[in-house]
Amino acid sequence: GQSGELIKQFDDIINFSLGDPDFTTPEKIIDLAMEDAKNGHTHYTDFRGDPELVYEISKYYKEDFGLDVGHDKIMVTTSGSHAIWLVMEAILNEGDEVIIPEPCFTPYLQQVKSAGGKVVFLPTCEEEDFEINLERLEGLVTDKTKALIINTPNNPTGTCYKKETMEAVAAMAKKHDFIIIADDVYTEFSFDEPFVPMLNFDRGLERTITTASFSKNFAMTGWRIGYIVAPDYIVKTTQNINEGNVFTAPSISQRAAVHALRMRKELCPPIVNEIKKRMDFAYKRIKDIPKLSCL
């Protein structure tokens, strides 16, 4: 917030703090969403989301990850951040602890605190490629630990957690009975190998809640659209909370998301390739600057 105000005082500053791609949403998505709006998609949708979008989300998990996610386990939200806030409100009691690997996406802190929870930081370091150190993690678990946030590819470090790490974290969650909140926002930006969701290590959806967003993969930050994948009783709770909050996600944005998912194989690669090109460029430049290091 403060940096935003500060930036307005200068005309030659590039703001790298916000993850807002400089591309406009692909035109095909805009055109089809506009068409839908003209055809009457301007009303409240189902409480849990436009049925077509819920269907497409379920289909996406099946096609891309081989996961069976029933429609009763999906809820469309007004952005990925809203999804996380709803989840915190649904699962936290006063004083419950949420472990967050650090450095992290800063709004997590507010989302945990506003739901009465307490943030416990798990430091990660460059020497370990900003991976989760399992011993350090286990050392932070107490009887008040309710959840751990997993964000991979990570904002801001860029690290993609190894499969072994994710498997071990899933086992630890089971052993100590805590929930994993998988913040799956940058899924398309896993450059070395294809993205694997945390859900792959908890197929029964027993203790994993996924929050997701259309903002980065499809350059749709302004549409404010995301979703939750969780056990059905959690979804019932987030729905109840949301009825006193924004009620339903914007119908037109949900239509845009339907088309985005249907065309993902065609629309994501150009965005991802351009970002990768820029990343390589920035990496080479940073490596040549004395006293700066970069993974």
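Values below: every heavy atom of this structure, side chains too, minus hydrogens, waters and symmetry copies.
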Do Asp177 and Arg207 meet the salt-bridge criterion of a basic N to acidic O distance under 4.0 Å?
yes
Rounded distance (nearest 0.5 Å) linking atom CG of Asp96 with atom CD1 of Ile91
8.0 Å
Looking only at heavy atoms, which two atoms of Asp46 and Thr248 are closest? And how far apart?
O-CG2, 3.8 Å
Looking only at atom types and distance, does a side-chain atom of Thr42 sit under 3.5 Å from a main-chain N or O of Lys38, one as donor and one as acceptor?
no
Backbone N/O of Phe247 and side chain of Asn242: donor-acceptor pair under 3.5 Å
yes
Keeping the roles fixed (side chain from Gln111, backbone from Ser81), state whether a donor-acceptor pair exists under 3.5 Å.
yes
Okay, side chain of Thr238, backbone of Val235: is any donor-acceptor separation there less than 3.5 Å?
yes
Can you see which heavy atom on Glu266 is nearest to which on Pro270, and at what distance?
O-CD, 3.4 Å
Going from OG1 on Thr45 to CG on Leu53, what distance comes out if it is rounded to the nearest 0.5 angstrom?
8.5 Å
At what distance, to the nearest 0.5 angstrom, does OG1 of Thr210 lie from CD1 of Ile150?
11.5 Å
For Tyr233 and Thr237, which heavy atoms make the closest approach, and how far apart are they?
O-OG1, 2.8 Å
Where the side chain of Glu131 meets the backbone of Lys162, is there a donor-acceptor pair that is under 3.5 Å apart?
yes
Given side chains that start at C-beta, do those of Glu89 and Ser114 come closer than 4.5 Å, heavy atoms only?
yes
Using modelled atom types and a 3.5 Å cut-off, is there a donor and acceptor pairing between side-chain atoms of Ser213 and backbone atoms of Val185?
no
Shortest non-hydrogen pair, Phe218 vs Pro26, comes out as O-CD, 3.3 Å
Linking I/L/V/M/F/W/Y whenever any side-chain heavy atoms sit under 4.5 Å apart, do Ile275 and Leu267 land together?
no
Would you list the pairs meeting side-chain hydrogen bond (donor to acceptor under 3.5 Å, both in side chains) in which at least one residue belongs to residues 194-203, sequence neighbours left out?
Asp202-Thr208
Can you confirm whether Leu109 sits close enough to Ile100 that some side-chain heavy atom of one is under 4.5 Å from a side-chain heavy atom of the other?
yes
Short question: side chain of Gln254, backbone of Gly49 - any donor-acceptor pair under 3.5 Å?
no
Between Lys276 and Asp280, is there a side-chain heavy-atom distance shorter than 4.5 Å?
yes
Donor-acceptor pair, side chain of Thr159 and main chain of Asp129, under 3.5 angstrom:
yes
Would Val54 and Ile252 show up in the same hydrophobic cluster when neighbours are defined by side-chain heavy atoms closer than 4.5 Å?
yes
Ring centroid separation for Phe65 and Tyr60, is it under 6.0 angstrom?
yes
Got a sec: does the CZ of Arg278 have more than 12 other heavy atoms crowding it under 6.0 Å?
yes
Do the side chains of Lys284 and Asp288 get close enough for a salt bridge, i.e. N-O under 4.0 angstrom?
no
Assess whether side chain to side chain contact (heavy atoms under 4.5 Å, CB included) is satisfied between Tyr61 and Leu199, documenting all intermediate values.
CA-CA 10 Å; Tyr61 276 92; Leu199 262 187; 4.2 Å; yes
Heavy-atom side-chain proximity of Lys287 to Ser293 below 4.5 angstrom:
no
For Phe178 and His176, take the angle between the two ring planes, folded into 0 to 90°, and tell me which bin it lands in: parallel under 30, tilted 30 to 60, perpendicular over 60.
parallel
Chi angles and distances behind the side chain to side chain contact (heavy atoms under 4.5 Å, CB included) call for Met263, Lys28
CA-CA 9 Å; Met263 299 187 287; Lys28 283 184 170 178; 3.8 Å; yes
side-chain hydrogen bond (donor to acceptor under 3.5 Å, both in side chains): which pairs involve residues 255-265, sequence neighbours left out?
Asp36-Arg255, Asp36-His259, Asp50-Arg255, Glu52-Arg255, Glu52-Arg262, Glu56-Arg262, Glu63-Arg264, Asp64-Arg264, Asp64-Lys265
For residues Val141 and Leu134: do they belong to one hydrophobic cluster (side chain heavy atoms under 4.5 Å, members Ile, Leu, Val, Met, Phe, Trp, Tyr)?
yes
Looking at every non-hydrogen atom in both residues, tell me the closest pair between Thr78 and Ala249 and how far apart they are.
OG1-CA, 3.5 Å
Please report the interatomic distance CG(Leu86) to CD1(Ile241), rounded to the nearest 0.5 Å.
6.0 Å
Which pair of non-hydrogen atoms, one from Cys104 and one from Pro101, has the smallest distance, and what is that distance?
CB-O, 3.2 Å
What's the verdict on side chain to side chain contact (heavy atoms under 4.5 Å, CB included) for Arg48 and Lys236, showing C-alpha distance, side-chain angles and the deciding distance?
CA-CA 9 Å; Arg48 291 191 190 170; Lys236 280 197 186 97; 3.4 Å; yes
If we count only N and O atoms by modelled type, under 3.5 Å, do the side chains of Thr187 and Asn217 hold a donor and an acceptor together?
yes
Without swapping roles, check the side chain of Ser58 against the backbone of Val69 for a donor-acceptor pair under 3.5 Å.
yes
Do Tyr161 and Met198 sit in one hydrophobic cluster, given that two such residues count as connected whenever their side-chain heavy atoms are within less than 4.5 Å of each other, even indirectly?
yes
Common cluster, Trp85/Val76, ILVMFWY with side-chain heavy-atom separation under 4.5 Å:
no
